[in-house]
2 protein chains.
Amino acid sequence: MAKRPPTIPDSELDVLKVLWERGQATVREALETLKAAGREWSYATVATLLDRLETKGLVESDRKELAFVYRPTISSQEVRQRRVSSLVDKLYEGEPGLLVLHLLKSHPLDPGQASQVREVLDQMTAGKPAKKKG
Amino acid sequence: MAKRPPTIPDSELDVLKVLWERGQATVREALETLKAAGREWSYATVATLLDRLETKGLVESDRKELAFVYRPTISSQEVRQRRVSSLVDKLYEGEPGLLVLHLLKSHPLDPGQASQVREVLDQMTAGKPAKKKG
DNA sequence: CCAATCCTAAGACAACTGTCTCAGAAGGTC
DNA sequence: GACCTTCTGAGACAGTTGTCTTAGGATTGG
């Protein structure tokens, strides 16, 4: 069976985020959490969204007492990875470096983050015999 | 007049990219360019896409000889900006720094890009007394 | 002028998204 | 046992996206 990266629309992503935060949740719990976050949906809407996520294999559920408890089967890292790759492919010629540059130019980091970035850069080029050539 | 950032679906983005590359294009020219890039659409499909983009105000057209010539009214920078902001808001808690870190960790830059990034970082912290213990 | 082209206009149509209504099963209450 | 309450299941329904067909106007080449 081929790998089919199912698309995750915004509304589904919102409920998925709730599952990541809480680890798992019933429809009602997700509903409440979302409401607290400003997303006021009807019970049925949240249920539909969870259902669609399950159909796509991104969450799984099992009955606990009377209600189903949903749990993500995909990590936020995985989703981030996909979104970023897709963005880079579509708008940055497949060059993550361009995105990094763009980000730094348009959204200045605070000093703390800046030094974190430097650290990562140093580690990255440290062991590297930066010898590129065919 | 309210700000209405129209959404730009993938297929529309593909033709918009052609307009950015060429500056402007007729349906047929876009069709050919897309075909060369592996996107084999029918003439009508490309025309529909351009039409939708125009309805959204993202491209404008005027008749040249017998066919319409389309020209983007939105820059790739603008679109990148929007996409990135949306990604950061949705998956990086509104913190561009997190995305930068993620990118660097998961997609190592080559030395050339790494030094470019350092430069930008230096400029960024130049005017600021970024005193983080040395 | 007539046919071959190429173009626009109009719209079809299925899949996907965003949201919700409603009927009815399951369990709790007195 | 009759009534609530809360769930699930089934699906409705409009708007967006992805792609295409078809009809008919304008242009060109004899």
Side-chain angles (χ1 to χ4, degrees), chain A residues 4-19 24-35 37-71 79 82-83 86-87 89-91, chain B residues 4-19 24-35 37-71 79 82-83 86 89-90:
Chain A
R4 34 65 227 238
T7 89
I8 307 177
D10 285 357
S11 54
E12 286 172 29
L13 185 55
D14 280 341
V15 345
L16 199 44
K17 285 202 280 189
V18 169
L19 299 187
Q24 60 171 49
T26 60
V27 173
R28 185 149 303 274
E29 290 165 346
L31 176 67
E32 295 306 334
T33 301
L34 286 162
K35 172 171 302 181
R39 224 89 177 53
E40 304 226 351
W41 274 320
S42 82
Y43 186 100
T45 299
V46 178
T48 297
L49 261 11
L50 280 166
D51 202 58
R52 288 179 182 168
L53 282 167
E54 185 163 29
T55 299
K56 293 178 183 174
L58 301 176
V59 313
E60 55 183 21
S61 66
D62 63 288
R63 200 151 211 157
K64 186 80 179 185
E65 328 259 296
L66 81 164
F68 279 102
V69 175
Y70 296 83
R71 176 162 9 64
V79 172
R82 289 185 191 177
R83 291 273 176 132
S86 146
L87 177 66
D89 286 348
K90 287 200 280 248
L91 290 173
Chain B
R4 34 64 220 239
T7 89
I8 307 177
D10 286 356
S11 55
E12 286 172 27
L13 185 56
D14 280 340
V15 347
L16 199 46
K17 285 202 280 189
V18 169
L19 298 188
Q24 61 171 47
T26 60
V27 173
R28 185 150 304 273
E29 290 164 346
L31 176 67
E32 295 305 334
T33 302
L34 286 161
K35 173 172 301 178
R39 224 87 176 55
E40 304 226 352
W41 273 322
S42 80
Y43 187 100
T45 298
V46 177
T48 296
L49 261 11
L50 279 166
D51 202 57
R52 289 181 183 168
L53 281 167
E54 185 162 29
T55 298
K56 293 178 183 174
L58 301 176
V59 313
E60 54 184 21
S61 67
D62 62 287
R63 201 150 210 155
K64 185 81 177 186
E65 328 258 296
L66 82 164
F68 279 102
V69 175
Y70 295 84
R71 181 165 3 67
V79 172
R82 290 186 190 176
R83 291 272 176 134
S86 145
D89 286 347
K90 287 200 282 244

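Letters A, B, ... mirror the listed sequences (proteins, then strands); counts begin at 1.
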Atom CG of Asp51(A) and atom C1' of dC7(D): how far apart are they, to the nearest Å? 13 Å
Expected output: side-chain Glu29(A) to main-chain Thr26(A) donor-acceptor under 3.5 Å: yes
Do Asp62(B) and Arg71(B) make a side-chain contact, defined as non-hydrogen atoms from C-beta onward lying under 4.5 Å apart? yes
Check whether any side-chain N or O of Lys56(A) sits under 3.5 Å from a backbone N or O of Ile8(A) as a donor-acceptor pair, and report yes or no. no
Under the salt bridge (charged side-chain N to carboxylate O under 4.0 Å, His left out) test, residues paired with Asp51(B) that sit two or more places apart: none
Protein proximity profile, nucleotides 12-30 of chain D - base contact B, sugar-phosphate-only contact S, no contact -, cut-off 4.0 Å on heavy atoms: -----BBBBB---------
Atom CG of Leu31(A) and atom P of dT19(C): how far apart are they, to the nearest Å? 14 Å
Criterion side chain to side chain contact (heavy atoms under 4.5 Å, CB included) on Tyr43(B) and Val27(B), from CA distance to verdict: CA-CA 7 Å; Tyr43(B) 187 100; Val27(B) 173; 3.5 Å; yes
If I take atom CG in residue Asp62(A) and atom P in nucleotide dC7(D), what distance separates them, rounded to the nearest angstrom? 16 Å
Expressed in angstrom and rounded to an integer, what is the separation of Asp14(A) atom CG from dG18(C) atom P? 9 Å
What distance separates Leu31(B) CG from Arg39(B) CZ, expressed to the nearest 0.5 Å? 12.0 Å
So, does Arg28(A) get its side chain near the phosphate of dC7(D), meaning an N or O under 4.0 Å from OP1 or OP2? yes
